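Per chain, numbering begins at 1; letters A, B, ... match sequence-line order. As the structure is a prediction and not an experimental result, all values here were calculated from the model.
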Amino acid sequence: LAKTTQPISMDSYEGQEVNITCSHNNIATNDYITWYQQFPSQGPRFIIQGYKTKVTNEVASLFIPADRKSSTLSLPRVSLSDTAVYYCLVGDEAAGNKLTFGGGTRVLVKP
Amino acid sequence: DVKVTQSSRYLVKRTGEKVFLECVQDMDHENMFWYRQDPGLGLRLIYFSYDVKMKEKGDIPEGYSVSREKKERFSLILESASTNQTSMYLCASTPGGFSEQFFGPGTRLTVL
């Protein structure tokens, strides 16, 4: 399983775009990149998954450069309710049963 | 929507007690997982199961056991609870592979 490194915390303000970068230098060819969001006293919730280039859904975008050694989760126009911990995970089909959640990035959105 | 439910949101037990945490999912998922979450340590995998009666150890299985007699139900058992097992316990399920994991609301267990 590729090890991931992400910032411990980030502060932002309502209406701003938040970008969280995750480093995964030893990502393997078959690995996908997945991001989860966790609110206090709740289980993590899947946000987005990608393999390369850019993926966008209704809540976020995921940017993956050509070398795939990092990825950036982009949250457009955040609101107070986006205050949460965000986790970056890397793995493939074979590793799917042994996901490792690191410490995540604690995002605080201020009014 | 996939629903993963856990038997209790909060639980208080005494040292040495046998503790059962139950998890049920309603989407016929193959794989089910038990994690514990502690401040500063993220989520750590305790056990997972990829089929009925099948189980594999995760990263921190010591002091725990599991049971999966039916596809929809995965139980975590603390044979003799200890204070260092005070934690938030999260159950998850997934259809398989590196696909989205669906988490339950968690059980906050306190062992006195």
Look at atom CD1 of I8(A) and say whether more than 12 heavy atoms of other residues, nucleotides or ligands are closer to it than 6.0 Å.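 Check fails, neighbour count at 12 or below.
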For R106(A), does the CZ atom sit with more than 12 other heavy atoms under 6.0 Å from it, leaving out its own atoms?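 Counting other residues, nucleotides and ligands, CZ of R106(A) stays at 12 neighbours or fewer.
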For residues [X] and [Y]: do they belong to one hydrophobic cluster (side chain heavy atoms under 4.5 Å, members Ile, Leu, Val, Met, Phe, Trp, Tyr)?
X: L80(A); Y: L75(A); answer: yes
X: W34(B); Y: L11(B); answer: yes
X: L109(B); Y: Y47(B); answer: yes
X: L76(B); Y: L43(B); answer: no
X: F20(B); Y: L90(B); answer: no

Residue part contacting chain A, namely of R9(B), when any heavy atom lies under 4.5 Å: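 Side chain only.
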Under 4.5 Å from any heavy atom of chain A, what part of Q6(B) do you find: side chain, backbone, both or neither?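 Contact with chain A involves no heavy atom of Q6(B) at all.
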Is the shortest heavy-atom distance from the side chain of E100(B) to the side chain of T34(A) under 4.5 Å?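 They are not in side-chain contact.
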Minimum heavy-atom distance between Q101(B) and Y36(A), given as atom pair plus value: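 Closest heavy-atom pair between Q101(B) and Y36(A): N-OH, 2.8 Å.
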Under the side-chain hydrogen bond (donor to acceptor under 3.5 Å, both in side chains) rule, collect the residues that match up with Y86(A), sequence neighbours excluded.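 Result, side-chain hydrogen bond (donor to acceptor under 3.5 Å, both in side chains) vs Y86(A): Q37(A).
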Spell out the residues in residues 39-48 of chain A that have some non-hydrogen atom less than 4.5 Å away from a non-hydrogen atom of chain B, in order of number; otherwise answer 'none'.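 From residues 39-48 of chain A, the residues near chain B are S41(A), Q42(A), G43(A), P44(A), F46(A).
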